[in-house]
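By convention here, the first residue in the shown sequence is residue 1. In this text the structure is predicted, and so the values were computed from the model without any measurement.
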Amino acid sequence: MPQAPRTGPGSTQPNPTPERPGHDPGPGQVDAPRQDEPVPAPQAPRTATRVDIPTLPPTPVGFVGSGPPTYDAEPTALPPADPDELDDLVADTVLDGARYGACTLRAVSVRGDSARFRGEPRRDSLLTARFGTGEQALILVAMATGARATPGAHRAAAEACHWIGRAVGRSHARLAQDIGAARRGDLKSGLHRLTDRSLGKLRASAVEQGIDPEEYAATLRCLLLPADPDCRIRVFFGVGEGGLFRLRDGEWHDIEPRITDVTGEPVVGFGSLPSETPEGDRLTMDLGIPTPPSPYEPAPEPPREPFRFRASVARPGDTLLMCTGGLADPLRGEPELCEYLTGRWSGPPPGLAEFLADSQVRVKGYADDRTAAAVWEA
């Protein structure tokens with residue numbers, strides 16, 4: 001809006017009420033206009049400069065999508081308890097957070113709607129740990145999901161997190177050095193070995209308990225965050241399904257490592273057999289008759305999940321999200337959830353209670369446990 005001319009000291013505008021020649025008004029007096037002079041128009045009031053208020057995050061909601069989910073929004077039934085095995089109980093919700101270097105961490109694990117209704121324990125497990133001190137410290141976030149419809153799923157998930165936690169903790173100094181020096185090859189091979197050993201101990205634990213290792217199994221997803229504020233390398237590794245997403249400039253990117261390259265010899269249950277032997281003999285049709293294992297060779301193990309690894313450099317303003325399938329699936333399947341979390345997580349990091357509320361926004365048709373860890377870059 002154009003402003004009215006200014007008057008007073010320092011003004012270059014003419015006085016709207018000029019003095020009459022030969023008349024000198026006294027101190028504190030104002031010369032009144034003559035009868036034949038027009039009365040000056042009153043000055044327009046000054047207007048303040050307009051300031052655009054930034055868009056506020058959307059109001060928290062309970063669900064998104066076509067309608068409310070079938071189950072209740074709050075826990076209904078508790079899991080059964082054994083008076084001699086109270087250490088086996090799992091809380092409905094675990095919430096944690098921290099701030100180190102250039103990043104702020106929020107982590108949560110919530111029992112799914114289905115398990116809350118049926119009184120089943122949470123199959124997801126969450127571990128957050130700091131190894132070392134000062135700028136040499138290394139933060140580990142590990143999450144695991146036990147096999148579906150197995151009684152010891154929650155124990156297997158907890159063991160998987162504890163085994164990888166011990167392995168990373170004992171090697172944290174070397175890992176922190178490799179991350180700081182961006183030794184991607186050393187990191188990938190080293191973390192692959194630590195993951196294989198941890199899941200191998202989980203299978204050995206199943207044998208000791210007399211449980212089928214396929215039932216006493218878990219997916220495992222981990223995030224390494226250096227405490228050094230000058231290092232913005234974020235390392236993800238693990239085995240099994242889930243999600244790894246990055247929110248940058250108001251848009252979600254699915255950066256889950258893809259399993260495209262296969263190396264090594266063919267294994268049972270993966271790939272196709274050659275059409276003929278090295279000697280040139282054609283292979284006949286498989287009649288489904290099992291071949292007994294050779295007494296000189298161990299029986300082949302079932303194929304294992306491929307190792308996933310990603311090391312990336314974070315930018316200021318990024319939000320990195322690692323989660324289990326319970327949150328990854330609705331994020332990929334319900335665009336409205338992505339849109340809602342974009343508005344909620346594009347700004348400063350939320351408090352713990354806000355992050356919990358955002359993480360458990362429900363979507364009809366998705367009722368599994370949800371475990372998520374988000375990192376906001378300063």
With a 3.5 Å distance limit and no angle check, can you tell me whether [X] reaches the backbone of [Y] through a side-chain donor-acceptor pair?
X	Y	value
D369	G112	yes
D228	D230	yes
D186	R183	no
Y340	V61	yes
H172	G169	yes
E334	E336	yes
E215	D212	no
D254	E256	yes
R111	R122	no
R362	Y71	yes

Which pair of heavy atoms, one from [X] and one from [Y], lies closest together, and at what distance?
X	Y	answer
P330	V363	CB-CG2, 4.2 Å
I233	A182	CD1-CB, 3.8 Å
G119	P80	O-CD, 3.5 Å
C231	P226	SG-CG, 3.7 Å
L225	C103	CD1-SG, 4.4 Å
R234	A314	CG-CB, 4.2 Å

Q209 CD: over 12 foreign heavy atoms closer than 6.0 Å: yes
Neighbour count >12 (heavy atoms, 6.0 Å) for atom CG, D82: yes
Below 3.5 Å, can you tabulate the donor-acceptor pairs from side chains in residues 161-168 to any protein atom, sequence neighbours excluded?
from	atom 1	to	atom 2	distance (Å)
H162	ND1	A158	O	3.4
W163	NE1	E159	OE1	3.3

For the [atom1] atom of [X] and the [atom2] atom of [Y], what is their distance to the nearest 0.5 Å?
X	Y	atom1	atom2	value
E120	S114	CD	OG	6.0 Å
D368	R123	CG	CZ	5.5 Å
I211	S205	CD1	OG	7.5 Å
L244	L223	CG	CG	7.5 Å
L224	L175	CG	CG	6.5 Å
R174	I179	CZ	CD1	12.0 Å

For W345, ring-ring contact (aromatic ring centres under 6.0 Å, His included) partners two or more places apart: F355, W376
SB check R308 E241 (cutoff 4.0 Å): yes
Could you check if a side-chain atom of [X] sits within less than 4.5 angstrom of a side-chain atom of [Y], using non-hydrogen atoms only?
X	Y	value
T219	T324	no
L331	L341	yes
R203	V207	no
E377	R315	no
R106	L352	yes
V235	L187	yes
V108	L126	no
K188	F307	yes

Chi angles and distances behind the side chain to side chain contact (heavy atoms under 4.5 Å, CB included) call for D72, D113: CA-CA 7 Å; D72 293 335; D113 289 347; over 6 Å; no
Would [X] and [Y] show up in the same hydrophobic cluster when neighbours are defined by side-chain heavy atoms closer than 4.5 Å?
X	Y	result
L95	V375	no
L321	L127	no
F245	M322	no
W252	V361	yes
F236	I255	yes

Steps toward side chain to side chain contact (heavy atoms under 4.5 Å, CB included) verdict (L356, V110): CA-CA 9 Å; L356 170 61; V110 182; 3.8 Å; yes
Centroid-centroid distance, F309 to F237, less than 6.0 Å: no
Test log, rule salt bridge (charged side-chain N to carboxylate O under 4.0 Å, His left out), inputs R116 and D92: CA-CA 8 Å; R116 283 177 165 181; D92 177 272; 2.8 Å; yes
Residue pair S109 / R370, side-chain donor-acceptor N/O under 3.5 Å: no
Could you give the side-chain donor-acceptor pairs of residues 129-146 under 3.5 Å, partners two or more places apart or in another chain?
from	atom 1	to	atom 2	distance (Å)
R130	NE	Y100	OH	3.0
R130	NH1	G132	O	2.6
T145	OG1	D124	OD1	2.7

